[in-house]
Amino acid sequence: MISSRKLLVHTCCAHCTAYTIEYWREKGYDITGLWYNPNIHPFSEHHKRLQAIRTLSEKMGFQLEVVTGYDFHEYFRQVVGHEDERCSICFNMRLEKVARVAVIKGKDAFTTSLLISPHQEHQSLRTSGEWAANQNGVRFLYADLRKRYSDSRHITKPLELYRQQYCGCIYSEFERNCLELANRL
C-alpha cells in the first residue's frame, strides 16, 4: 500500500522503536525515524543506542534522520535545578525539536517511540507532544502502545541489538544503580 501520509517518529532506542514503526505502518503511514536524544548520557551510551537504531533502520527498511550535534549542554541548562520535573522538561525539549523537523521535512504528523515504554510518564508525554504540535502547527499522534512493549522486544531480540539498562539520562542511571545496590544489600 502506497501512503501519502508522512509521519516522523522520534526514536529513543531500537527496542522501543521496532513495534512503534510496525504499528504506524499498519495505520498507513510512510515512516521516517528521527534520532534526537541529548538526554542520553554518557556519550558512549548515546553512541551505542544510535548505532542500534541505525541497524534497526536498515533491517526494517525505514529512513532515519539524525539531528547533528549532541545538545547535552542545552539539556543540562534546562534540567539542572529542576530535577523533579526533568522528564517533562526532557519530553518538551525532544518533542519540540521533532515537531520542528516534521514541519521542515513536510511531514503530516509526528509521534515518539517513548509511547511504548511502560517506564515513561504517559500523561506528561501526551501533554508535551500536544504542546509541541501547537507550537509548530503539525499534528501529534498519540497511541498508548505500552501493552505491545514485549512485541517490540521480540522483534529486536533476534537482531542482537544493543539493549540499554536505563532510560537514558544520568539521573535515571543513578536511580537504577541505587536500586540495584539496595536490592543486593
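Just so you know, these numbers use all the heavy atoms, side chains as well, and skip hydrogens, waters and symmetry mates.
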Quick one: does Glu96's side chain get under 4.5 Å of Arg100's, heavy atoms only? yes

Does a donor on one side chain and an acceptor on the other come within less than 3.5 Å for Tyr162 and Glu45? yes

So which heavy atom on Cys167 is nearest to which on Gln120, and how close? SG-NE2, 3.5 Å

Less than 4.5 Å apart, side chain to side chain, heavy atoms only: is that true for Leu50 and Val66? yes

From Ser44 OG over to His47 NE2, what is the distance, rounded to the nearest 0.5 angstrom? 9.5 Å

If we ignore angles and hydrogens, is there a donor and acceptor under 3.5 Å between the side chains of Glu65 and Gln63? yes

If we ignore hydrogens and angles and just use 3.5 Å, is the side chain of Asn136 paired with the main-chain N or O of Ala99 as donor and acceptor? no

So CD of Gln164 and SG of Cys13: to nearest 0.5 Å the spacing works out to 4.0 Å

Centroid separation His41 to Tyr75 less than 6.0 Å: yes

Contact summary for Val98 and Leu8, nearest pair of heavy atoms: O-CD2, 3.5 Å

Hydrogens and angles aside, do Tyr36 and Asp71 bring a side-chain donor and acceptor to less than 3.5 Å of each other? yes

Under 3.5 Å, is there a donor-acceptor pair between the Ser152 and His15 side chains? no

State yes or no: do Tyr19 and Leu34 share one hydrophobic cluster built from I, L, V, M, F, W and Y residues joined by side-chain heavy-atom distances below 4.5 Å, directly or via other members? no

For a quick test of reading the model, state the closest non-hydrogen atom pair linking Trp35 to Ile53 and the distance between them. CE3-CG2, 3.8 Å

All heavy atoms of Thr17 vs all of Ser113, minimum pair found to be OG1-OG, 3.4 Å

Trp131-Val103 co-clustered via ILVMFWY side chain contacts under 4.5 Å: no

Just wondering, do Asn39 and Arg94 contact through their side chains at under 4.5 Å, heavy atoms? yes

Determine yes or no for a side-chain-to-main-chain donor-acceptor pair under 3.5 angstrom, with Asp144 supplying the side chain and Arg146 the backbone. yes

Scanning both residues in full, the closest heavy-atom pair of Ile155 with Ala18 reads CG2-CB, 3.7 Å

Which value, rounded to the nearest 0.5 Å, describes the distance between Gln123 atom CD and Ser88 atom OG? 10.0 Å

Would you say that Thr112 contacts Val9 through its side chain, given a criterion of any heavy-atom pair below 4.5 Å between the two side chains? no

Can any side-chain N or O of Ser117 pair as donor or acceptor with the backbone N or O of Leu114 at less than 3.5 Å? no

ILVMFWY cluster, Trp24 and Leu125 together (side-chain gap under 4.5 Å): no

Interatomic distance, Cys12 atom SG to Leu115 atom CG [nearest 0.5 angstrom]: 9.0 Å

Cationic N near anionic O, under 4.0 Å, Glu130 to Arg126: yes

Check the angle between the aromatic planes of His122 and Tyr142 and answer parallel, tilted or perpendicular using the 30° and 60° thresholds. perpendicular

Distance col, row Leu161:CG vs Arg54:CZ, nearest 0.5 angstrom, shows 14.0 Å

Same apolar cluster (I L V M F W Y, side chains within < 4.5 Å links), Leu95/Tyr23: no

Do NZ/NE/NH1/NH2 and the carboxylate oxygens of Glu74 and Arg77 come within less than 4.0 Å? yes

Taking atom types as modelled, is there a side-chain donor on Thr32 or Lys105 under 3.5 Å from an acceptor on the other? no

Before giving the answer on side chain to side chain contact (heavy atoms under 4.5 Å, CB included), spell out for Gln78 and Arg86 the whole-Å C-alpha distance, their side-chain angles and the decisive distance to 0.1 Å. CA-CA 8 Å; Gln78 291 187 32; Arg86 72 180 188 264; over 6 Å; no

Starting from the C-alpha separation in whole Å, work towards a yes-or-no answer on side chain to side chain contact (heavy atoms under 4.5 Å, CB included) for Arg163 and Lys157. CA-CA 9 Å; Arg163 183 170 166 241; Lys157 189 171 182 169; over 6 Å; no

Would the number of heavy atoms belonging to other residues, nucleotides or ligands and lying under 6.0 Å from CD1 of Ile170 be above 12? no

How far does CE of Met93 sit from CG of Asn37, to the nearest 0.5 angstrom? 10.0 Å

Between Phe72 and Phe76, what is the ring plane arrangement, given parallel below 30°, perpendicular above 60°, and tilted in between? perpendicular

Between His10 and Phe110, is a ring pair (Phe, Tyr, Trp, His ring centres under 6.0 Å) present by the stated rule, with each step listed? CA-CA 7 Å; His10 167 255; Phe110 73 98; 9.6 Å; no

Determine whether a donor-acceptor pair (N or O, by modelled atom type, separation under 3.5 Å) exists between the side chain of Ser57 and the backbone of Phe62. yes

When you group the ILVMFWY residues by side-chain heavy-atom contacts below 4.5 Å and let the links chain together, are Phe140 and Leu7 in the same group? no

Using a 6.0 Å distance limit plus a 45 degree cone around the ring axis, check whether Arg5 lies over the aromatic ring of Tyr29. yes

Looking at Val80 and Glu83, what are the two nearest heavy atoms and their distance? CA-OE2, 3.5 Å

